[in-house]
Amino acid sequence: MAFKPLHDRVLVRRIQSEDKTKGGLIIPDTAKEKPAEGEVVSVGEGARKDSGELIAPSVKAGDRVLFGKWSGTEVTVAGEELLIMKESDILGIIA
């Protein structure tokens, strides 16, 4: 990928949700919500303290993460729709 986020920003690819419920009902496209789960594609070098010291990011490329419903900005990179967000918008890493 030719795009690297700056500072404490993270580039995330949304992971599509299932088309069926656990009970077997098919969910139409109009009723689906945007997934709040994704895979980290790229990470910036981290934020800086007031003293200039670098704070390393907690996530790395390949991590599966959960983020807020309205987090991030949608961008198109190399023809693929991705999200760019601050690391603080990520709620957690899915093991």
Side-chain angles (χ1 to χ4, degrees):
M1 170 118 350
F3 182 82
K4 177 152 174 79
L6 296 176
H7 309 295
D8 64 337
R9 289 184 176 76
V10 180
L11 192 65
V12 177
R13 176 183 301 117
R14 284 189 196 266
I15 296 175
Q16 295 302 319
S17 59
E18 294 292 322
D19 292 341
K20 289 184 180 181
T21 64
K22 290 181 182 179
L25 297 174
I26 297 174
I27 303 170
D29 289 337
T30 55
K32 286 184 187 175
E33 290 187 11
K34 289 184 178 179
E37 188 177 324
E39 179 185 356
V40 175
V41 176
S42 183
V43 180
E45 72 266 358
R48 295 222 178 251
K49 293 182 182 178
D50 290 337
S51 63
E53 185 181 341
L54 188 66
I55 302 170
S58 301
V59 297
K60 61 186 180 309
D63 282 349
R64 197 169 180 154
V65 295
L66 193 65
F67 49 88
K69 191 173 188 177
W70 304 107
S71 298
T73 303
E74 293 181 357
V75 294
T76 302
V77 178
E80 184 177 11
E81 289 197 20
L82 303 169
L83 286 172
I84 189 164
M85 63 183 73
K86 287 196 165 266
E87 185 183 20
S88 60
D89 290 342
I90 295 175
L91 303 174
I93 300 171
I94 300 171

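Only a predicted model underlies this, so the values are computations on that prediction, with no experimental measurement involved.
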> Rounded to the nearest 0.5 Å, how far apart are CG of Leu83 and CG of Asp89?
Replying inline: 10.0 Å

> Are Met85 and Ile90 side-chain neighbours, meaning at least one heavy-atom pair lies under 4.5 Å?
Replying inline: yes

> Which heavy atom of Glu45 sits nearest a heavy atom of Pro57, and at what distance?
Replying inline: O-CD, 3.5 Å

> Any side-chain heavy atom of Ile84 within less than 4.5 Å of one from Pro5?
Replying inline: yes

> What's the spacing between Lys86 NZ and Asp8 CG if we round to 0.5 Å?
Replying inline: 4.0 Å

>> To the closest 0.5 Å, what do you measure between OG1 (Thr73) and CZ (Arg9)?
In response: 8.5 Å

>> So, taking the atom named CG in Leu54 and the one named NE2 in His7, what distance separates them when rounded to the nearest 0.5 Å?
In response: 10.5 Å

> So, for Phe3 and Ser42, which heavy atoms are closest and what is the spacing to 0.1 Å?
Replying inline: O-OG, 3.6 Å

> So do Leu82 and Val12 actually touch side chain to side chain, heavy atoms under 4.5 Å?
Replying inline: no

> Does the side chain of Val43 come within less than 4.5 Å of Leu11's, by heavy atoms?
Replying inline: no

> Can Val65 and Glu37 be said to form a side chain to side chain contact (heavy atoms under 4.5 Å, CB included), step by step?
Replying inline: CA-CA 6 Å; Val65 295; Glu37 188 177 324; over 6 Å; no

> Between Arg13 and Glu80, is the closest basic N to carboxylate O distance under 4.0 Å?
Replying inline: yes

>> Could you walk me through whether Arg48 and Glu53 satisfy the salt bridge (charged side-chain N to carboxylate O under 4.0 Å, His left out) test, starting with their C-alpha distance in whole Å, then the side-chain angles of each, then the deciding distance to 0.1 Å, before giving a yes or no?
In response: CA-CA 6 Å; Arg48 295 222 178 251; Glu53 185 181 341; over 6 Å; no

>> Within this structure, what is the CZ-CD distance for the pair Arg14 and Glu39, rounded to the nearest 0.5 Å?
In response: 14.5 Å

> Does Lys49 reach the side chain of Ile55, with side-chain heavy atoms less than 4.5 Å apart?
Replying inline: yes

>> Nearest 0.5 angstrom please: Ile93 CD1 to Arg64 CZ, how far?
In response: 13.0 Å

